[in-house]
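Structure first, then comments.
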Amino acid sequence: TNEAIGHIFMSIEPSQKIKFLDAWVEKTHRRKGIYRALWETRWEYVSENYKGWTVYAWCKETSLPLLIEKGFDTGESVTYVEKKVE
């Protein structure tokens with residue numbers, strides 16, 4: 001059967017900026033290098049098609065080591081919060 005085991009997104013923005021968005025791998029397929037393969041494929045596409053542009057992302061702590069490895073500079077830390085509207 002065909003099933004999605006992961007995905008990775010990006011958004012093209014004004015002023016030659018690209019925002020790396022949500023990326024995930026299905027729980028049963030994690031720790032197999034799939035996230036990194038998705039990330040590398042996206043980076044290769046951006047590198048070939050958007051030279052001179054700026055890429056930025058908000059990431060979880062678990063993704064931060066890969067971004068630092070790829071030469072991204074860290075900015076401010078943020079914390080996710082949520083509340084149900086009642």
Side-chain angles (χ1 to χ4, degrees):
T1 66
N2 292 330
E3 68 176 295
I5 61 170
H7 76 225
I8 199 160
F9 290 112
M10 66 182 206
S11 175
I12 306 303
E13 298 186 347
S15 302
Q16 293 192 323
K17 285 191 171 185
I18 298 171
K19 182 178 183 181
F20 279 7
L21 296 165
D22 191 30
W24 63 265
V25 174
E26 176 64 39
K27 197 173 198 173
T28 58
H29 294 283
R30 292 181 185 157
R31 311 297 307 165
K32 299 177 183 177
I34 297 168
Y35 177 85
R36 181 176 287 270
L38 289 170
W39 200 97
E40 294 287 355
T41 299
R42 178 177 61 183
W43 186 252
E44 183 178 322
Y45 176 79
V46 167
S47 296
E48 291 174 2
N49 295 284
Y50 295 94
K51 291 198 184 313
W53 288 49
T54 299
V55 175
Y56 73 99
W58 300 97
C59 67
K60 295 180 181 178
E61 285 184 38
T62 55
S63 301
L64 187 56
L66 175 61
L67 290 160
I68 291 172
E69 172 189 315
K70 298 301 180 182
F72 282 74
D73 295 320
T74 56
E76 297 179 44
S77 295
V78 297
T79 301
Y80 172 80
V81 296
E82 74 176 14
K83 178 179 178 174
K84 182 173 269 189
V85 179
E86 297 185 31

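Source: prediction; values computed, not measured.
The pair Glu26-Lys32 fails the salt-bridge criterion, with no side-chain N (NZ, NE, NH1 or NH2) lying under 4.0 Å from an Asp/Glu carboxylate O.
Under a hydrophobic-cluster definition in which Ile, Leu, Val, Met, Phe, Trp and Tyr are linked whenever side-chain heavy atoms come within less than 4.5 Å, directly or via other members, Tyr45 and Phe72 are assigned to the same cluster. Side-chain heavy atoms closer than 4.5 Å link hydrophobic residues (I, L, V, M, F, W, Y) into clusters, and following such links, even through other members, never connects Leu38 to Phe9. One hydrophobic cluster, built from ILVMFWY side chains closer than 4.5 Å, cannot hold both Trp58 and Leu67; they sit in different ones. Hydrophobic clustering, with ILVMFWY side chains joined whenever heavy atoms are under 4.5 angstrom apart, keeps Leu66 apart from Trp24. Residues Leu21 and Val55 are members of separate hydrophobic clusters, defined by side-chain heavy-atom contacts under 4.5 angstrom among Ile, Leu, Val, Met, Phe, Trp and Tyr.
With contacts defined as side-chain heavy-atom distances shorter than 4.5 Å, the pair Arg42/Phe20 qualifies.
Between the CG atom of Asp22 and the NZ atom of Lys60 there is a distance of 7.5 Å, given to the nearest 0.5 Å. Glu44 CD to Asn49 CG: the interatomic distance, rounded to the nearest 0.5 Å, is 10.0 Å.
Of the options Trp53, Tyr56, Tyr50, a side chain to side chain contact (heavy atoms under 4.5 Å, CB included) to Lys17 is made by Tyr56 and by none of the others.
No more than 12 heavy atoms of other residues, nucleotides or ligands sit less than 6.0 Å from atom CD of Glu61.
Shown here for Pro65 and Thr62, the closest heavy-atom pair between the two residues is CD-O, 3.7 Å. Closest of all the heavy-atom pairs between Val46 and Met10 is CG2-SD, 3.6 Å. The shortest heavy-atom contact between Tyr35 and Val25 is N-CG2, 3.7 Å.
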